[in-house]
Amino acid sequence: MRDGNSTIPDGPADASNAEPGSGIVGEPGAVHVIVGTDATRIVLSGEVDADLGAELQEATAEAEQVGLPIEVDAHHVTFMDSSGVAFLARLSIRSKHRVRLLRVPPTVRFLLEVTRIGELLDVVEGDESQFQPVGDGQG
């Protein structure tokens, strides 16, 4: 088993050449809030875990303050723990509209089923979005 300091013939070990279960850290998580004309989109990527706690709370507060329907794009999520599940639950409870979860990877879908949080959200297979960017250049 390798640790984060192990090397391989081509250089240091990283997530791109890691074997499953190797203990090597993956992509850091990120949260981006984009306010559109008809909806607020929250884009999650990488590892959505306790390290993103403050960012997830800020995203919830911002989306709640705007008051538009909320869409969460989870397409680039590589890992999610209870912090991410709590974030989705918090969004669904605080939003005046039903939250839409777009492009859900298998890892996240499993958590939605196991925790039953998926019952609080509209899980959309593709990117059937209500989102219209502000100032899209048309008109």
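Numbering starts at 1 and runs along the sequence shown.
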### Summary
Scanning both residues in full, the closest heavy-atom pair of T40 with A63 reads CG2-CB, 4.1 Å
### Message
Restricting to side chain to side chain donor-acceptor pair (under 3.5 Å), what partner residues turn up for D51, sequence neighbours left out?
### Response
none
### Query
Could you walk me through whether T60 and F87 pass the side chain to side chain contact (heavy atoms under 4.5 Å, CB included) check?
CA-CA 8 Å; T60 302; F87 165 72; 3.4 Å; yes
#### Entry: Chi angles and distances behind the side chain to side chain contact (heavy atoms under 4.5 Å, CB included) call for E62, V35
CA-CA 9 Å; E62 185 175 344; V35 178; 4.1 Å; yes
### Query
Once you round to the nearest 0.5 Å, how far does CZ of R98 lie from CG of L121?
7.0 Å
### Query
Roughly how far, to the nearest 0.5 Å, is the CG atom of L101 from the CG atom of L120?
11.5 Å
### Query
Going from CD on E47 to OG1 on T78, what distance comes out if it is rounded to the nearest 0.5 angstrom?
5.0 Å
### Query
side chain to side chain donor-acceptor pair (under 3.5 Å): which pairs involve residues 79-88, sequence neighbours left out?
D81-S83
Tabulate below the donor-acceptor pairs under 3.5 Å that side-chain atoms of residues 89-97 make, not counting sequence neighbours, or state none.
residue, atom, partner, partner atom, Å
S92, OG, L88, O, 3.4
S92, OG, A89, O, 2.8
S95, OG, H97, N, 3.1
S95, OG, H97, O, 2.7
H97, NE2, G67, O, 3.3

#### Entry: Test log, rule side chain to side chain contact (heavy atoms under 4.5 Å, CB included), inputs T107 and V77
CA-CA 8 Å; T107 344; V77 173; over 6 Å; no
### Query
So how far is it from R103 CZ to L44 CG, rounded to the nearest 0.5 Å?
11.5 Å
### Query
Is there a donor-acceptor contact under 3.5 Å from the side chain of R41 to the main chain of I70?
no
### Taking every non-hydrogen atom, the tightest pair across V31 and A59
CG1-CB, 3.7 Å
### Query
Quick one: are V104 and L112 in side-chain contact, heavy atoms under 4.5 Å?
yes
### Task
Determine, using the 4.5 Å side-chain heavy-atom cutoff (strictly less than), whether F79 and V43 are members of one ILVMFWY cluster.
no
